[in-house]
There are 2 protein chains.
Amino acid sequence: MRLENLPEIRKFKLFKTMSEENFDAVMQAAYLQNFPAQVRLVTEGDEADFLFLVVEGCVELFATANGREATMAMIKPVGSFILAAVIKDARYLMSGRTTEKSRILMIPAKNIRDSFEKDSAFALAVVTELADCYRSVIKEYKNLKLRTAVERLANRLLEYHCEQGETGVIELPYDKKRLAALLGMTPENLSRAFVTLKPYGVTVSGSSITLSDMKGLITLAKPNLLIDRHAG
Amino acid sequence: MRLENLPEIRKFKLFKTMSEENFDAVMQAAYLQNFPAQVRLVTEGDEADFLFLVVEGCVELFATANGREATMAMIKPVGSFILAAVIKDARYLMSGRTTEKSRILMIPAKNIRDSFEKDSAFALAVVTELADCYRSVIKEYKNLKLRTAVERLANRLLEYHCEQGETGVIELPYDKKRLAALLGMTPENLSRAFVTLKPYGVTVSGSSITLSDMKGLITLAKPNLLIDRHAG
DNA sequence: GATACGACTTGATATTTATCAATAATGGAG
DNA sequence: CTCCATTATTGATAAATATCAAGTCGTATC
């Protein structure tokens with residue numbers, strides 16, 4: 001990888017505590033690459049050759065079966081994906097594709113596993129990252145099992161509102177098709193869920209959403225500390 | 001903990017590779033206890049004081065929100081639970097209760113975290129266990145998002161059939177209420193799903209299920225290597 | 001500015017799943 | 001063994017969600 005990018009990478013949670021020596025060794029073997037939108041980076045079932053980090057842009061993780069497709073997560077900077085498969089030296093359980101122009105750091109799986117054994121600070125960083133990923137999925141799983149489609153949408157809007165500075169207006173981070181897939185519903189249903197939320201002060205104008213009755217929306221959404229980032 | 005139990009514990013995947021010294025230190029602080037059925041061991045939202053291992057019996061992990069309850073997983077010997085919360089020193093995202101008379105090993109979270117830093121073999125065992133847990137949840141999440149209730153039941157039956165030695169007869173490992181919750185449906189729906197599977201050779205008699213048309217059932221279930229333990 | 005394309009919305013309908021109610025079966029406790 | 005409480009099944013109905021089919025809207029292209 002190009003030297004000029006190293007300081008930027010070094011700041012990532014995963015590498016911050018790593019020894020200089022191991023960091024250099026890992027980065028020697030890594031690639032930092034720019035991809036356009038809609039590029040398939042990994043395919044479920046393939047062997048885990050690389051660990052991926054999203055440095056810029058966005059990657060959609062999805063899975064398929066019986067001709068159906070489900071969006072599992074959207075990874076934004078600075079997030080990693082398929083760490084578990086890399087650690088286990090197993091096959092990917094999900095596919096990943098860029099949803100926009102993205103900058104991706106690819107690290108050969110073997111280097112990750114080697115450094116894990118050599119560098120206990122890195123091992124701690126890896127296990128922390130993996131625990132974070134695990135807890136995120138658990139939360140998504142709870143979200144899906146315990147809430148209706150409208151409730152999931154309401155909470156997602158509150159999450160974006162929180163992320164974007166609580167201005168009363170939010171910008172959807174992806175198109176509605178993808179948002180629907182992420183929330184586990186069809187695009188038609190998402191449209192209807194927005195209509196259902198109208199009495200709760202939710203006004204849609206393209207990808208821009210206005211929230212004018214936070215209290216009402218929160219009453220409906222019932223955000224939960226053990227599911228939502230925006231709760232509390 | 002009592003000395004006589006140590007050799008038994010030492011064999012667990014998580015402790016097999018640990019140094020003698022660290023193992024002794026961890027076990028010094030651990031409790032091995034017997035619980036009757038229906039005892040709540042952990043409650044979601046509580047701080048992660050202990051890592052739990054199911055030595056005998058069975059623990060149901062579940063979560064609640066808005067008065068609804070969802071079963072997240074059933075942990076059988078020798079499985080651990082809430083490892084991620086222990087690692088992160090965070091709050092439990094799930095509650096756990098015994099579903100039958102069980103023998104549980106409880107290890108103070110701090111000892112786990114300390115040993116993780118001191119013993120790189122243990123660190124590797126922990127990260128491997130965590131990666132396994134992560135991949136299991138991903139599979140459950142895919143199962144829920146990509147399949148209908150009947151398909152989920154069909155695959156679960158195939159899984160039990162595989163686990164129990166492919167004899168054509170399986171014994172349900174928990175009562176149907178719990179099985180329904182685990183599969184993400186109501187008990188009424190589970191009953192109806194069994195009726196739906198009748199033309200595929202599935203005969204129900206209490207907790208004993210006979211499978212007489214494996215080919216048909218498999219055609220319906222479409223087991224998948226990247227979701228199911230029993231596939232392939 | 002006209003056109004064409006894709007994304008989004010809306011309506012009608014079908015499917016899936018949940019709820020409510022009643023009854024039947026099961027399994028412990030005494 | 002009998003009684004009781006829980007669990008399981010079945011039927012009727014309702015709610016949630018998906019599907020199919022038009023339409024609308026916006027926008028990028030020419």
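Source: prediction; values computed, not measured. Numbers restart at 1 for each chain; the letters A, B, ... are given by sequence-line order, proteins then strands.
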Any side-chain heavy-atom pair of A/Lys198 and A/Thr203 under 4.5 Å: no
Note, B/Val204 side chain near B/Leu197 side chain (heavy atom, < 4.5 Å): no
Please determine whether the number of non-hydrogen atoms from other residues, nucleotides or ligands lying under 6.0 Å from atom [atom1] of [X] exceeds 12.
X        : atom1 : value
B/Arg68  : CZ    : yes
B/Gln38  : CD    : yes
A/Tyr200 : OH    : no
B/Lys177 : NZ    : no
B/Lys101 : NZ    : no

Range on DNA chain C touched by chain B, heavy atoms, distance below 4.0 Å: C/dT17 to C/dC20
B/Phe52-B/Phe81 aromatic ring centre distance below 6.0 Å: yes
A/Val150 vs B/Gly206, nearer the 5' end of DNA chain D by closest nucleotide: B/Gly206
Lys NZ or Arg CZ of A/Arg97 over A/Phe62 ring: under 6.0 Å, within 45°: yes
Nucleic acid contacts of residues 186-194 of chain B, taken as heavy-atom distances under 4.0 Å to DNA chain C: B/Thr186, B/Glu188, B/Asn189, B/Arg192
End axis versus end axis in the helix from C/dG1-D/dC30 to C/dG30-D/dC1, the angle rounded to 10°, five pairs used at each terminus: 40°
Phosphate-side-chain proximity, B/Lys177 and D/dT7, N/O vs OP1/OP2 below 4.0 Å: yes
In whole angstroms, how far is the [atom2] atom of [N] from the [atom1] atom of [X]?
X        : N      : atom1 : atom2 : result
B/Arg178 : D/dT6  : CZ    : P     : 14 Å
A/Glu151 : D/dA16 : CD    : C1'   : 12 Å
B/Tyr174 : D/dA8  : OH    : C1'   : 19 Å

Between A/Glu69 and A/Thr64, a side-chain donor and acceptor under 3.5 Å: no
A/Thr71 and A/Glu60 side chains, donor-acceptor separation under 3.5 Å: yes
